[in-house]
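Numbers for residues simply follow the sequence, beginning at 1. One-based numbering, in listed order, for ligands and for the atoms of each. Keep in mind that what you see is a predicted model, and the values were worked out from it rather than measured. The figures that follow rest on heavy atoms only: side chains count, while hydrogens, waters and symmetry mates do not.
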Amino acid sequence: MIDIYERLKSIVGDSRIFQKEYLKNYTTFRIGGPCNILVFPSTREEIIEIIRLLRETKTNYFVMGNGSNLLVSDSGFDGVIVSLKFFKGMETLENTDDVYTIRVTSGELMSSVGNYLARMGATGFEFATGIPGTIGGGVRMNAGAYGGELKDCLVCVTAISPEGEVVSLSNEELKFGYRTSILANKDYVILDATFKLGKSTTEEIKAKINDFNTQRREKQPTNFHSAGSTFKRPEGYIAAKLIDEAGLKGLQVGGAMVSDKHAGFVVNVGNATASDVIELTDKVRAVVKEKNGVDLELEVIKVGF
Ligand SMILES: Cc1cc2nc3c(=O)[nH]c(=O)nc-3n(C[C@H](O)[C@H](O)[C@H](O)COP(=O)(O)OP(=O)(O)OC[C@H]3O[C@@H](n4cnc5c(N)ncnc54)[C@H](O)[C@@H]3O)c2cc1C
């Protein structure tokens with residue numbers, strides 16, 4: 001690891017690399033032990049060099065966006081976390097009477113992209129503006145809300161392939177599904193994504209965004225730390241409804257609790273550990289299985305287990 005640290009430092013400089021950082025400071029759940037090395041590349045070249053180095057040296061690594069869909073273990077991550085939070089940039093490729101095409105780097109937050117597009121009068125991304133993740137994390141899992149999914153406006157992505165090549169993948173090639181794409185199953189690192197939007201007025205776009213944000217505040221436990229919906233939507237059911245009907249709202253293990261506002265969220269009500277969350281979600285799954293025969297599957301991604 002010492003050698004890897006020095007080599008990574010030579011790529012990003014010494015202000016963007018850290019050792020033994022607690023990942024709870026980088027996840028929206030505020031849960032997670034230390035990683036050996038945390039590195040923040042800010043250019044495409046740095047990311048490519050880092051990923052190639054880590055793969056060549058067979059170093060254990062994990063690419064992180066905004067950490068809003070992660071449950072990191074209490075013992076942390078034995079390897080290198082590559083955070084793309086500082087990889088920022090948006091570029092207009094096309095601006096006609098009715099079409100707006102933009103390319104966005106994977107570290108941009110969906111909220112920044114949505115607000116930028118609103119100012120430009122580009123419509124079609126409003127649904128994603130309240131999702132607290134990056135473009136990379138969002139595209140990988142086809143993030144969605146309020147009837148929209150990223151696949152609806154995505155044209156293509158540029159990514160580092162499992163073989164280490166920089167490739168372009170079209171919307172069709174990404175084989176999007178509900179909260180998934182081929183990027184979720186293979187070792188791709190997304191560098192940027194291109195979106196095609198329609199045109200509208202800033203006023204109308206902002207009104208839609210405000211409406212979605214109001215719905216979020218009304219329905220979701222936004223006053224507690226969480227990783228969003230804890231479970232995937234099971235075929236033919238709604239996870240939150242099953243959990244609510246099983247009487248599990250408010251069920252608590254340590255600092256982890258099934259939100260009493262929205263049963264689909266496990267929230268951190270104070271110093272929750274990853275073990276608390278696992279014990280709680282195991283209990284929820286067991287009760288729902290017993291009552292409804294439905295297997296709930298975690299949507300939250302486990303890191304370092
Ligand atoms: C309060 C709250 C509300 C939420 N609401 C929604 C919602 O409405 N809809 C929804 O879909 N989700 C929602 N989420 C979940 C989460 O925001 C999304 O899953 C988001 O897309 C995750 O993005 P991220 O950048 O935080 O990714 P991370 O959590 O950092 O990572 C998630 C996965 O993406 C991978 N990844 C990240 N960046 C890249 C990259 N550049 N290349 C390859 N892989 C990458 C990581 O390796 C990891 O496997 C919510 C979460 C919270 C906390």
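- Residue Arg216 places a heavy atom under 4.0 Å from ligand 1.
- Near Ala143, meaning under 4.0 Å from any of its heavy atoms, are these atoms of ligand 1: 11 (O), 21 (O).
- Remark: among candidates Arg179, Met64, Lys85, Arg140, the nearest residue to atom 45 (C) of ligand 1 is Arg140, based on non-hydrogen atoms.
- The proximity of Leu84 to ligand 1, defined as any non-hydrogen pair under 4.0 Å, is limited to the side chain.
- Closest to atom 19 (O) of ligand 1 among all protein heavy atoms lies Met141 CE, 3.1 Å.
- The side-chain heavy atoms of Leu53 and Ile11, taken from C-beta on, include a pair separated by under 4.5 Å.
- Closest to atom 29 (O) of ligand 1, if we only count protein heavy atoms, is Asn69 N, 2.8 Å.
- Of the listed residues (Gly144, Gly130, Ala145), the one carrying the non-hydrogen atom nearest atom 10 (C) of ligand 1 is Gly144.
- Of the heavy atoms in Ile131, only side-chain atoms (C-beta onward) come closer than 4.0 Å to ligand 1.
- Heavy-atom distances between Met110 and ligand 1 reach below 4.0 Å in at least one pair.
- Taking the charged nitrogens against the carboxylate oxygens, Arg52 and Glu56 have no contact shorter than 4.0 Å, which rules out a salt bridge.
- Side-chain atoms of Leu191 and Ile48, non-hydrogen and from C-beta on, do get closer than 4.5 Å to each other.
- Within the 4.5 Å cutoff, the side chain of Ile102 has no heavy atoms near those of the Met120 side chain.
- Between Val39 and Val82, the closest side-chain pair of non-hydrogen atoms falls below 4.5 Å.
- A donor-acceptor pair under 3.5 Å links the side-chain atoms of Lys88 to the main chain of Lys85, judged by distance alone.
- Protein heavy atom nearest atom 4 (C) of ligand 1, with residue, atom name and distance: Pro132 CD, 3.6 Å.
- Here the heavy atom of the protein found nearest to atom 47 (O) of ligand 1 is Val63 O, 2.6 Å.
- Of all protein heavy atoms, the one lying nearest to atom 1 (C) of ligand 1 is Ser226 OG, 4.0 Å.
- The pair Glu46-Arg16 meets the salt-bridge criterion, with a side-chain N (NZ, NE, NH1 or NH2) lying under 4.0 Å from an Asp/Glu carboxylate O.
- Using a 4.0 Å cut-off between charged side-chain N and carboxylate O, Lys289 and Asp295 make a salt bridge.
- Under a 4.0 Å criterion applied to the non-hydrogen atoms of Thr28, ligand 1 contributes the atoms 53 (C).
- With a 4.0 Å cut-off on non-hydrogen atoms, Ile301 touches ligand 1 through its side chain and not its backbone.
- Near Ser106, with a cut-off below 4.0 Å to any heavy atom, the atoms of ligand 1 are 41 (N).
- With a 6.0 Å cutoff to the six-membered ring centre and a 45° limit on the axis angle, Arg233 counts as a cation-pi contact of Tyr178.
- Although no hydrogens or angles enter the test, the distance criterion places no donor-acceptor pair under 3.5 Å between the side chain of Glu126 and the main chain of Lys206.
- In terms of modelled atom types and a separation under 3.5 Å, the side chain of Asn142 and the main chain of Glu149 share no donor-acceptor contact.
- With a 4.0 Å cut-off on non-hydrogen atoms, Phe62 touches ligand 1 through its side chain and not its backbone.
- Panel note: side chain Asp211, backbone Ala207; no donor-acceptor pair is recorded below 3.5 Å.
- Residue Tyr188 has at least one heavy-atom neighbour below 4.0 Å for each of these atoms of ligand 1: 43 (C).
- Here Ser68 has heavy atoms under 4.0 Å from ligand 1 in both its backbone and its side chain.
- A salt bridge does not link Asp14 with Lys9: none of the charged nitrogens is closer than 4.0 Å to a carboxylate oxygen.
- With a 4.5 Å cut-off on side-chain heavy atoms, Asp97 and Lys199 do not count as touching.
- Of the listed residues (Ser229, Ala159, Gly137), the one carrying the non-hydrogen atom nearest atom 27 (O) of ligand 1 is Gly137.
- Between Glu279 and Lys283, the closest side-chain pair of non-hydrogen atoms falls below 4.5 Å.
- When the options Gly67, Gly133, Ala193 are ranked by their closest heavy atom to atom 28 (P) of ligand 1, first place goes to Gly67.
- Near Gly65, meaning under 4.0 Å from any of its heavy atoms, are these atoms of ligand 1: 25 (O), 28 (P), 30 (O), 37 (C), 38 (N).
- Closest protein heavy atom to atom 42 (N) of ligand 1: Ile190 N, 2.8 Å.
- Residue-level proximity to ligand 1 for Ala227 is carried by the backbone, the only part with a heavy atom below 4.0 angstrom.
- Short contacts between ligand 1 and Asn66, defined as distances under 4.0 Å to a heavy atom of the residue, involve ligand atoms 24 (P), 25 (O), 26 (O), 30 (O).
- Less than 4.0 angstrom separates some heavy atom of Val189 from each of these atoms of ligand 1: 42 (N), 43 (C).
- Protein heavy atom nearest atom 31 (O) of ligand 1, with residue, atom name and distance: Leu70 CD2, 3.7 Å.
- At a threshold of 4.5 Å between side-chain heavy atoms, the hydrophobic network of Ile, Leu, Val, Met, Phe, Trp and Tyr places Leu70 and Tyr26 in one connected group.
- Thr134 OG1, 2.6 Å is the protein heavy atom nearest to atom 25 (O) of ligand 1.
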